[in-house]
Each structure stands twice: as structure tokens, then as C-alpha cells.
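One structure is given here, and the rest of the page talks about it.
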Amino acid sequence: MTAAPRRTIVLSPHFDDAALSLAGLIPELPGPVVVVTVFGGAPAPGLPVSWWDSTCGFSTATEAYRARLAENARACALLGAAQIALDHPDGPYAQSPELPHLESFLSDLPDHSSILVPLGSNQPDHERVREHALRTLDRLGAPPPLVYADLPYTGHLPHWAGDEAGQALGHSPTCGLADQNLLLRYRTTVRHDLRLTDEQWARKRAAVLCHGSQLAPLAADHGSLLARGGPLRAELVWSLEKVS
């Protein structure tokens, strides 16, 4: 495929990850901004509904997929970003561990594109996207992407939204394993450290609420998800420099 020029690409493993992790920052990134859902493909017909989708209230896998696609369209529109869904079904419905559409997408991007990938904290799908993107960009001779902290996972760090958050993450046995893994290969520098203002928080809350089908199980795992002082209140993005 031939990609149109795009300035900023946010790789969101699942439909809600960009809003949860970056809804405060996305409107401030150089545009146009495109949110690319990596596990954005439709499940094959006839597959039983996953435990997660059932917990979210859906009766079928197809029903869940269509609802998530529409939710993401609303969230992206609110944030002023375009939406692309790659044809890899989500984990429970995946037929293969490979991500060929992500590789093709990255290979077709213009050289000037800025790419953001998830850190991969406590979420194997996120780590898979990060590693695949790093390998592909390295093979293409492209600069390393920017890396964003996955929320709400990293947001449970006691030092979150403080000056020492990045350093504390690198030493955390619960939130920081993905960061520690990355530091074996790259030097990291904070590129964006956003502690959301009330206005930014209101916009982020609205974008997250667009993904309403997933909020109940997320809140069960992450407590006060939408509290003003909760795990979504700050956003961190790093640049990478390969260790020689």
C-alpha cells in the first residue's frame, strides 16, 4: 500500500490504549496525527466471545469488535486524530502471532514520520507491538521511535506525576520491568512529561469515556480509573538512543 504523508503516528495496541495513555498529549503533537490500532482486525466468523468481551457485556465477538471500532472513531475525532485499524485480530481471536500488517504499514511510512510506541508495562500485547516496531524500524534503517508509558499500568507507580517518575519506574519490580528491559539496549531521555491541567484532564476524560464498553472491567482491575488524581493524570514519553 502507498501511505499518504503522516507527521505523527501513535501505535495503539488495542482500541483504548491511545486515549488512556496519551489523550492529553495527542492534540499537542505535530499534526496530522494518526492513531493506528495494531490489534484492530475483525475476528473470524463463528469464534466464541472472549472472556474479556463477555465481561464487557457483549454476546458475540463481532458485536464487541463493531462497538470498539465505533468507540475509537469517536475518541479519535474528539482528539483531532485520524483512525487506522490494522487487520490483526485481538489476542483471543488471533490466528497467528505474526504482525505482517504492522510491518507493511511501517515500511510504507514517509521518512519524516514521528512514531510513538507503547512501553509494554505489564501487558504482553503492548510489549509485542513495541518489539516488532523496534525490529522493523531498525531493519529499515529508521531512527528509533518515541516510547510512551502505558496507562493505567505505569500510573500506579507511587512516584507517578512527580519529577522522579521516570527514574522510579526503572527500579519498580511491579511497574518497571518493561522499562528495565528497554534500558539494556537504549538510553532514554524524557521527551514529554505532561501533568494534565484541568482543561487537558477534561478532554482526556471525555476521550476515555468514548471507550465506555471497557471501563467496568478496567475499573475492577485499576480502582479509581477516572479519578482526577488517579493513574491517568500524567503522561510520559521518552526518546531512545541505541546503546553501542
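None of the values given here were measured: they were computed from a predicted structure.
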Any carboxylate oxygen within less than 4.0 angstrom of a Lys/Arg side-chain nitrogen, looking at [X] and [Y]?
X: Arg185; Y: Glu131; result: yes
X: Asp90; Y: Arg68; result: no
X: Arg130; Y: Asp125; result: no
X: Glu103; Y: Arg135; result: no

Where do [X] and [Y] come nearest, in terms of heavy atoms and distance?
X: Gly170; Y: Gln180; result: O-CG, 3.0 Å
X: Pro145; Y: Leu134; result: CD-CD2, 3.6 Å
X: Pro152; Y: Leu20; result: CD-CD1, 4.3 Å

Check: Tyr148 ring centroid to His192 ring centroid under 6.0 Å: no
State plainly whether one hydrophobic cluster holds both [X] and [Y], where clusters connect Ile, Leu, Val, Met, Phe, Trp and Tyr through side-chain heavy atoms under 4.5 angstrom apart.
X: Leu157; Y: Val190; answer: yes
X: Trp238; Y: Val10; answer: yes
X: Leu69; Y: Val34; answer: no
X: Leu25; Y: Leu78; answer: yes

Stepwise side-chain hydrogen bond (donor to acceptor under 3.5 Å, both in side chains) test for Tyr153 and Asp221: CA-CA 10 Å; Tyr153 307 98; Asp221 288 341; over 6 Å; no
Donor on one side chain, acceptor on other, Thr62 and Thr60, under 3.5 Å: no
Distance-only polar pair, side chains of Glu71 and Gln214, donor-acceptor under 3.5 Å: no
Compare all side-chain heavy atoms of [X] with those of [Y] and state whether any distance is below 4.5 angstrom.
X: Glu63; Y: Phe58; answer: yes
X: Leu106; Y: Ile115; answer: yes
X: Val38; Y: Phe105; answer: no

